[in-house]
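My questions all concern the structure below.
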Amino acid sequence: MNMQTSPETASDGTASMSPVIAARDLDLTFQTNDGPVHALKGVSLDINKGDFVSFIGPSGCGKTTFLRCIAALETPTAGQLTVNNMSPDEARRNRAYGYVFQAAGLYPWRTIAKNIKLPLEIMGYSKAEQDRRVEEALELVELSGFGGKFPWQLSGGMQQRASIARALSFDADILLMDEPFGALDEIVRDHLNEQLLQLWARTEKTIGFVTHSIPEAVYLSTKIVVMSPRPGRITDVIDSPLPKERPLDIRDSPEFIEIAHRVREGLRAGHEHD
Amino acid sequence: MKSLLAVLTVLSVIIGLWYAACVPMNIKGVLDQAERGGEVVEPATPKARRDASAIGLIVKNTFVISRSWSVERPRLPAPHQVLDELWGTTVEKKITSKRSLIYHGQVTLSATLLGFAIGTGLGILLAVGIVHSKVMDMSVMPWAIVSQTIPIIALAPMIIVVLYSIGVQGILPKAIIAAYLSFFPVVVGMVKGLRSPDGMQLDLLRTYHASTNQGFWKLRLPSSLPYLFASLKIAIAASLVGAIVGELPTGAVAGFGARLLAGSYYGQTVQIWSALFAAAILAALLVFILGLLERLILKRMGV
């Protein structure tokens, strides 16, 4: 019970506030040559401040599309979606979120430090402020001392950490991550998952995280959203009873295995609808 | 070491073929001269030789083969004759002399560089417009393509006449013809380069709420540089061709084009060939310099 209270007490201070991200009956239909594709159908979800929400499901279930809707990179065809009580596009203009893509997407002609500076330059921070924030962001992802290196001099995992630092540098409250570790091997992934949890604990950001991996979703999240395809919809939302402090070997605990089982069941149920 | 051997092999084959080709090309002239010098050749009269095959003449008069490589006015000069002329008209002539290839080269080079600068500037501007405006993409690109289907040799005299009639002469008409040839590869390469950032890169800038301007300077322009350099190499060679073509119709007194024209008026094949080689060497040099610049800049950019 104690486990479950910690996220709640965290939101107690902001009890009067509405959810950071609120979706009601969201629909998104793409018109393609093969007819309409229902990427999202009737998606409703609240994400509170400080939540770590994972979206899991097979390809085509709309998890990335939903994340892109929050980021105003896609526009829903029906329903309501608010981010920080604004429309997603207003939130984007207010730089409410940092977005991490599956590929690091660092500019090869910029050093790591200059890459992290990119959003700061665009947003018009002063030179001194830029330098300070770059140092801070590098430290958050444990890349201090690598600022002068070029992307090709870093491993894939380090590049992805640099791209996370870039998303953190302007200190948006929301961090949206679209399969950020999908292209990395298991060991690097475990390490980055651990680091991400520490980073989340330190920064208290609200994180939306898209993944294919059940253990990753269960290990990281306070809330797991299970989705299924055709049409893309939410089939289960699981509030995790796991404590905030999570060593890697928590993955062998009965609670962990139980949640993983429920996620797997949810994914299977989604498939039976086909 | 192995690649050096391969390069030398190819080079020696080319030179060997060239020397071999000199014999049938020049044999009749050599035989005429030998006959006038009192030697016995077979067949004995120019008239009889006129319709004979070159190979047949070689077989019957093997003793003159070596002379076909040192004819004064050959149909096809031997490589060493061209080299001799090149050496004589560059190193051994004063630069101020009208017979110095350096002098002529410098005239052509200045038109080439000016044309290259105009063409590149115009090309980049057009590409930026085409990438940012759908209307320009649809209205300018077809004309840019059409412009390259007209043979420059037909267009050059008209450009010169038209410009002359409005009082423009000297280096500018030549530079404009050079620019006409060189802007096209720049447009094509630059459009491709400016469009090279993928959807993810553009989405990333969108999440920062970056302006079109910021997107251009921070992402599109740097991304386009590798493409731009590839285009510049083509453009500078095309620009040199344009400058030479621009020197032909005016009967220009200076420049590689003038040398080619004068050489063909007076049957000075050695002069033509040496001007051609000088132009080729100049083009290679310009492309090489651009290559160095490319390596330097792209390396600094970490691409």
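So you know, we letter chains A, B, ... as the sequences are listed, proteins then strands, and number each from 1.
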Which pair of heavy atoms, one from A/E121 and one from B/Q214, lies closest together, and at what distance?
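In terms of heavy atoms, the two residues are closest at O-NE2, 4.4 Å.
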
For the backbone of B/H209 and the side chain of A/R95, can you confirm whether one donor and one acceptor N or O come within less than 3.5 Å of each other?
yes

Is there a donor-acceptor pair under 3.5 Å between the side chain of B/R206 and the backbone N or O of A/A72?
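Indeed, once roles are kept as given, a pair shorter than 3.5 Å links the two residues.
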
Looking only at A/Q102, A/Q153, A/M123, most heavy-atom pairs under 4.5 Å shared with chain B are made by A/M123

How many angstroms lie between CG in B/D203 and CZ in A/F101, if you round to the nearest 0.5 Å?
5.0 Å

Considering only heavy atoms, which portion of B/L219 lies under 4.5 Å from any heavy atom of chain A: side chain, backbone, both, or neither?
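Both backbone and side chain.
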
Minimum heavy-atom separation for A/W109 to B/K218, with atom names?
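Reported closest heavy-atom pair: CZ2-O, 3.5 Å.
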
In Å and rounded to the nearest 0.5 Å, what is the CG to OG1 distance from A/L73 to B/T207?
7.0 Å

Per-residue tally against chain B (heavy atom, under 4.5 Å) across A/G105, A/G98, A/P119 peaks at A/P119

A/R92 side chain vs B/Y208 backbone, donor-acceptor pair below 3.5 Å:
no

How about CZ on B/R295, more than 12 heavy atoms from neighbouring residues, nucleotides or ligands closer than 6.0 Å, or not?
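No.
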
So what's closer than 4.5 Å to chain A heavy atoms on B/S211: side chain, backbone, both or neither?
neither

Please flag which part of A/A103 lies under 4.5 Å from any non-hydrogen atom of chain B: side chain, backbone, both or neither.
both

So the side chain to side chain donor-acceptor pair (under 3.5 Å) pairs with at least one residue in residues 174-184 of chain A (sequence neighbours excluded) are A/T64-A/D178, A/E179-A/H212

Structural part of A/Y107 lying under 4.5 Å from a heavy atom of chain B
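For A/Y107, the contact with chain B is made by the side chain alone.
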
